[in-house]
Amino acid sequence: ELMECLELSLLAPNSSNLQPWEFYWIQAKEKKDKIKEYCLNQSAARTAQELIVCVARPDNWKKNNSLLQELYTKREKETPKIVESYYKKIVPLVYNQGPLGIFGFIKFLAIKVISLFRVIPREPISNSDMRVWAHKTTALACENLMLAVRAYGYDSCPMEGMDSKRIKKLLSLPRKAEVCMVISVGKRASNGVYDEQIRLESNNFIKII
């Protein structure tokens, strides 16, 4: 059931369909114990039956773009020219920041000039923008995962309180990979929810203009 939930998480909407995410379902006891420790032994981690480490991969855009193009060429259905052109020309232009972010800086200058005359997308123009892009997309997939888990009758808890550097080392993640969150999954204990859900008044956040 959890594998089916993970498959459903991959159906989340994402920018350019580049899918810059990875999900690590921790099953080995030794690693699971370490993840619990690295999540500060908080009860949501310590008592969970399953732990999923959700990883943002801004560095995978080029690999995934190549895989998508390969997939399109193997389909029986003819790929629209606009799609073919998008992945061959637009995607590299938008997401490639170049060595040391040099290409991103050139794009920044070009956008500064072009934006004086017309509407133009502003990001991503730096490696920092790429990190934001990957985390936004990964968070959408995390929400998909949590909704799927609930639909199957289980509960989950997204955790940001963690030692991300130690988790990266434990999972042997490359330098540019970033832990977005750890999601615990299991059956809710009778005392698992400490209090009712509290939210501030909606007019603090919803603006009609």
Side-chain angles (χ1 to χ4, degrees), residues 8-24 53-75 77-147 158-160 162 164-165 167-168 171 173-183 200 202-209:
L8 288 168
S9 73
L10 303 182
L11 299 180
N14 62 96
S15 180
S16 298
N17 199 29
L18 289 175
Q19 305 162 58
W21 50 46
E22 288 177 344
F23 295 88
Y24 291 79
V53 179
C54 310
V55 178
R57 293 298 305 265
D59 53 325
N60 275 355
W61 75 266
K62 190 178 292 185
K63 181 190 78 172
N64 291 354
N65 185 40
S66 296
L67 290 173
L68 283 168
Q69 291 183 61
E70 184 181 331
L71 186 150
Y72 278 123
T73 58
K74 291 180 178 178
R75 293 194 314 172
K77 183 180 178 182
E78 185 179 357
T79 302
K81 293 295 182 185
I82 190 171
V83 173
E84 198 174 299
S85 175
Y86 183 81
Y87 285 103
K88 285 184 177 178
K89 298 176 181 178
I90 303 300
V91 165
L93 179 66
V94 171
Y95 296 99
N96 188 10
Q97 305 306 317
L100 302 176
I102 292 173
F103 187 44
F105 182 69
I106 293 171
K107 286 193 291 184
F108 166 75
L109 295 177
I111 288 170
K112 271 282 192 184
V113 174
I114 295 170
S115 66
L116 296 174
F117 307 100
R118 65 181 178 88
V119 175
I120 185 172
R122 308 282 177 144
E123 298 88 14
I125 52 171
S126 67
N127 290 323
S128 293
D129 284 348
M130 290 296 290
R131 292 176 59 226
V132 171
W133 164 75
H135 277 282
K136 284 193 294 186
T137 289
T138 302
L140 288 172
C142 290
E143 180 75 357
N144 259 33
L145 174 59
M146 294 175 68
L147 290 171
M159 295 175 284
E160 291 183 302
M162 60 186 165
S164 58
K165 186 173 182 178
I167 293 176
K168 278 183 69 169
L171 301 182
L173 297 176
R175 182 176 60 85
K176 290 187 177 180
E178 298 194 7
V179 179
C180 180
M181 65 183 79
V182 178
I183 296 178
L200 299 175
S202 60
N203 58 16
N204 286 298
F205 312 105
I206 301 172
K207 311 297 181 182
I208 300 174
I209 59 173

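Around atom CZ of Arg75, more than 12 heavy atoms belonging to other residues, nucleotides or ligands sit under 6.0 Å away. At most 12 non-hydrogen atoms from other residues, nucleotides or ligands lie less than 6.0 angstrom from CG of Leu100.
Applying the salt bridge (Lys or Arg N to Asp or Glu O under 4.0 Å) criterion to Lys207, with sequence neighbours excluded, gives no partner residue. Here Leu11 pairs with Leu8, Asn144 under the side-chain contact (heavy atoms from CB on, under 4.5 Å) rule; sequence neighbours left out. Ser126 pairs by the side-chain contact (heavy atoms from CB on, under 4.5 Å) definition with Ser128, Asp129, not counting sequence neighbours. In this structure, the side-chain hydrogen bond (donor to acceptor under 3.5 Å, both in side chains) partners of Arg57, at least two apart in sequence or on a different chain, are Glu22, Asp59, Asn60. By the side-chain contact (heavy atoms from CB on, under 4.5 Å) test, Leu200 is found to be paired with Asn204, Phe205, residues two or more places apart in sequence or in another chain being considered. Scanning for side-chain hydrogen bond (donor to acceptor under 3.5 Å, both in side chains) contacts around Asn64 gives an empty result, with sequence neighbours left out. In this view, Asn203 and Glu201 satisfy the side-chain contact (heavy atoms from CB on, under 4.5 Å) rule, not counting sequence neighbours. Residues that satisfy the side-chain hydrogen bond (donor to acceptor under 3.5 Å, both in side chains) test with Asn17, not counting sequence neighbours, are Gln19.
Sorted by first then second residue, the salt bridge (charged side-chain N to carboxylate O under 4.0 Å, His left out) pairs that include residues 103-123, not counting sequence neighbours, number zero. Applying the ring-ring contact (aromatic ring centres under 6.0 Å, His included) test to residues at least two apart or on different chains, the pairs with a partner in residues 92-135 are Tyr95-Trp133.
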Pair up each side-chain donor or acceptor in residues 78-91 with any protein partner under 3.5 Å, not counting sequence neighbours, and list the distances.
residue : atom : partner : partner atom : Å
Thr79   : OG1  : Tyr72   : O            : 3.3
Tyr86   : OH   : Ser16   : OG           : 2.6
Tyr87   : OH   : Ser16   : O            : 2.8

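Note that CD1 of Ile125 is 5.5 Å distant from CD1 of Ile111, once rounded to the nearest 0.5 Å. Once rounded to the nearest 0.5 Å, the distance linking CG of Leu147 with CG of Leu145 reads 9.0 Å. Annotation: the span from Gln97 atom CD to Met130 atom CE amounts to 6.0 Å, rounded to 0.5 Å.
The heavy-atom pair separating Gly98 from Asn96 by the smallest distance is N-OD1, 3.0 Å. Nearest heavy atoms, Ser115 versus Ile120: CB-CG2, 3.7 Å. When all heavy atoms of Phe23 and Cys142 are compared, the pair lying nearest together is CE2-SG, 4.3 Å. Closest heavy-atom contact between Cys54 and Ile183: SG-CD1, 3.8 Å. Taking every heavy atom of both residues into account, Glu160 and Cys180 meet most closely at CG-O, 4.5 Å.
A distance-only check finds no donor-acceptor pair linking the side chain of Thr137 to the backbone of Ala134 [under 3.5 Å].
Leu140 has its side chain out of reach of Asn14: every pair of non-hydrogen atoms, C-beta onward, lies at least 4.5 Å apart.
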Go through Asn65 and Leu18 one step at a time and tell me if the side-chain contact (heavy atoms from CB on, under 4.5 Å) criterion holds.
CA-CA 6 Å; Asn65 185 40; Leu18 289 175; 4.0 Å; yes
